[in-house]
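Everything numeric in this text was worked out from a predicted model, so none of it was measured.
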Amino acid sequence: MVIDKRSVRRAALVLLLVCVAAARAVSAVGDGPLLNGNFEDPPNQSQMSGSVVTGEHAIPYWKTSGHIELICSGQKQGDMVLTVPDRTRALWLGNGASIEQQISLTPGLYYSLTFSASRTCSQDEMLNVTAAPVSGSGGSLAQTGELPVQTVYTSSGWDSYSWAFKAEAGLVSIIITHNCGEQEDPACGPIVDAFAIKTLSQPEATGDNMLRNGDFEEGPYIPPESPWGVMVPPMDEDHVSPLPGWKIMSYKKSVKYVDSAHFAVPRGACAVELVSGVETALLQEVYTTVEGSWYRLEFSAGDAANGCASPSYDDGSSSPGMKVKAYAGPSETTVDIDFRGAGGSKRGKIEFRATASPTRVVLLSLGYHTKSDNSGTLCGPVVDDVSLVPIPQPYARRLLL
Ligand SMILES: *[C@@H]1O[C@H](CO)[C@@H](O)[C@H](O)[C@H]1NC(C)=O
Ligand SMILES: *[C@@H]1O[C@H](CO)[C@@H](O)[C@H](O)[C@H]1NC(C)=O
């Protein structure tokens with residue numbers, strides 16, 4: 001009998017893949033991509049009909065339901081050529097579709113999920129993200145967030161989104177649901193790709209700073225090769241924030257978490273780019289201030305060197321410059337930034353007397369900006385290195401001088 005070497009090798013490879021799949025049906029988590037988080041593993045062809053997923057276990061490591069298609073980069077939809085952020089494949093979620101992966105986590109720790117999403121129609125989309133305990137006593141402790149996939153923040157049409165949760169059990173199902181209601185065109189629906197997860201530490205206030213995570217060094221997973229940063233969408237008051245210590249207050253608009261590998265960041269490895277003008281505020285409530293006492297808020301406001309508000313646009317108009325507004329308790333300040341797209345930052349400062357507790361610290365951008373490359377990519381000033389410290393009463397200080 002002649003044995004074709006290639007088919008032996010292929011059989012061995014299939015066997016190996018099956019073994020790996022069996023051994024790791026539940027992904028154990030380190031920071032980084034979920035198992036088959038980018039949908040590149042070949043699907044089970046007997047559970048596919050062309051690009052349509054027909055069986056719930058067709059996509060390795062995922063369980064799917066509803067109308068789902070495996071999209072390949074370069075595929076056409078209408079007259080639009082689809083691109084895919086992470087290599088060649090992504091999933092299109094029809095109305096009522098959901099995808100699910102079980103991951104093992106450490107109960108009690110906080111995690112942030114990052115994934116890419118793209119709209120396929122001009123209408124707004126919403127995605128529900130749920131973390132549901134599978135094992136243990138936490139059956140009722142599922143956490144769900146509604147993420148608006150609405151504004152396109154980057155010119156590629158793809159944005160990375162983040163969402164965070166607390167692991168309420170050792171085994172948690174991550175479920176993404178697209179449920180658009182009846183008014184929406186069922187041919188629309190978001191495409192998703194590049195799922196990754198990261199353990200979120202919970203930095204506390206220190207002797208030098210009454211704010212938690214004032215330097216934004218802790219935040220959601222940013223795929224190392226991604227030049228776009230990661231959107232942090234608005235969240236409900238009681239939800240876990242992908243930016244520990246901070247809340248994003250908005251109806252539907254996000255802020256962007258950016259890294260120093262791809263953006264000019266005032267200090268350290270990460271900062272927040274305020275890309276949604278006055279519609280989105282970055283907020284922290286400080287419960288340790290004492291009414292009647294004096295405090296100083298300081299922060300950096302800068303230019304991310306990403307071609308935002310650079311000197312002039314192609315049509316000859318000149319940039320309006322950027323402004324960051326900060327509030328601390330009853331006081332406020334505005335910092336003008338005019339680095340002409342070249343990077344650089346300034347310090348803003350507010351000295352104030354706390355009139356209520358908690359003290360709210362709020363940062364927002366006063367303008368709307370797009371990159372000067374005509375791509376329509378939304379951008380804005382970056383903020384970083386925010387600190388709040390107690391100070392002696394200014395009047396008493398003046399007497400001492
Ligand atoms: C592929 O799907 C078929 C039909 O559901 C199933 O019998 C088979 O075990 C699956 N193969 C793998 C490798 O999962
Ligand atoms: C998200 O979940 C809520 C509550 O279960 C539901 O009312 C809403 O329609 C869902 N939205 C989407 C986009 O699936």
Side-chain angles (χ1 to χ4, degrees), residues 3-30 32-77 81-105 113-118 120 125 127-135 158 171-180 186-197 223:
I3 299 175
D4 171 5
K5 256 195 208 154
R6 273 222 313 253
S7 65
V8 170
R9 227 181 295 142
R10 206 177 310 135
L13 183 65
V14 167
L15 195 66
L16 183 72
L17 287 177
V18 169
C19 294
V20 169
R24 301 178 65 192
V26 169
S27 60
V29 156
L34 292 189
L35 288 175
N36 196 25
N38 55 11
F39 311 113
E40 295 298 316
D41 290 5
N44 183 337
Q45 285 303 341
S46 68
Q47 298 189 33
M48 298 287 295
S49 167
S51 64
V52 178
V53 175
T54 54
E56 61 176 13
H57 298 292
I59 309 295
Y61 302 106
W62 293 90
K63 187 174 155 193
T64 59
S65 77
H67 187 87
I68 293 178
E69 291 186 35
L70 189 61
I71 300 293
C72 292
S73 187
Q75 193 174 322
K76 278 197 154 181
Q77 198 205 37
V81 177
L82 298 173
T83 58
V84 161
D86 192 358
R87 296 198 266 168
T88 63
R89 295 186 175 122
L91 286 188
W92 177 81
L93 306 182
N95 192 5
S98 74
I99 60 171
E100 171 176 354
Q101 180 169 139
Q102 290 189 358
I103 49 181
S104 45
L105 303 172
L113 186 73
T114 295
F115 63 95
S116 299
S118 161
T120 52
E125 304 278 8
L127 278 176
N128 270 1
V129 186
T130 299
V134 175
S135 55
W158 285 92
L171 190 58
V172 173
S173 251
I174 302 294
I175 308 160
I176 317 297
T177 312
H178 173 237
N179 205 336
C180 55
C188 292
I191 305 178
V192 294
D193 199 3
F195 283 83
I197 197 162

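- Between Thr88 and Glu40, the shortest heavy-atom distance links the atoms OG1-OE1, 2.7 Å.
- For the residue pair Gly55 and Thr64, the shortest heavy atom distance occurs at O-OG1, 3.6 Å.
- Between Ala90 and Phe39, the shortest heavy-atom contact is CA-CD1, 4.1 Å.
- Of the N and O atoms on the side chains of Glu56 and Ser65, not one donor lies less than 3.5 Å from an acceptor on the other residue.
- Side-chain contact check for Leu91 versus Ile71: every heavy-atom pair is 4.5 Å or farther apart.
- With a 4.5 Å cut-off on side-chain heavy atoms, Tyr61 and Leu34 do not count as touching.
- If you take CG on Leu93 and CD1 on Ile99, they are separated by 5.5 Å, rounding to the nearest 0.5 Å.
- Not a single donor-acceptor pair under 3.5 Å links the side chain of Asp41 to the backbone N or O of Asn36.
- Between His67 and Trp92, the ring planes lie perpendicular to each other; the angle is over 60°, past the 30° to 60° tilted range.
- Looking at every heavy atom in both residues, Met48 comes nearest to Ala58 through SD-CB, 4.0 Å.
- When side chains are defined from C-beta on, Lys63 counts as touching His57, because their heavy atoms get closer than 4.5 Å.
- Pro190 and Leu127 make their closest contact through CG-CD2, 3.7 Å (heavy atoms, listed as atom of the first residue, atom of the second, distance).
- When side chains are defined from C-beta on, Ile174 does not count as touching Phe195, because their heavy atoms never get closer than 4.5 Å.
- Remark: the backbone N or O of Ser173 is not paired with any side-chain donor or acceptor of Glu100 at under 3.5 angstrom.
- Using a 4.5 Å cut-off on side-chain heavy atoms (C-beta onward), Ile59 and Ile68 make no contact.
- One finds the CD atom of Gln45 at 9.5 Å from the OG1 atom of Thr54 (value rounded to the nearest 0.5 Å).
- Heavy-atom minimum distance, Leu70 versus Pro43: CD2-CG, 3.6 Å.
- Rounding to the nearest 0.5 angstrom, the gap separating the CD1 atom in Ile176 from the CH2 atom in Trp62 is 6.0 Å.
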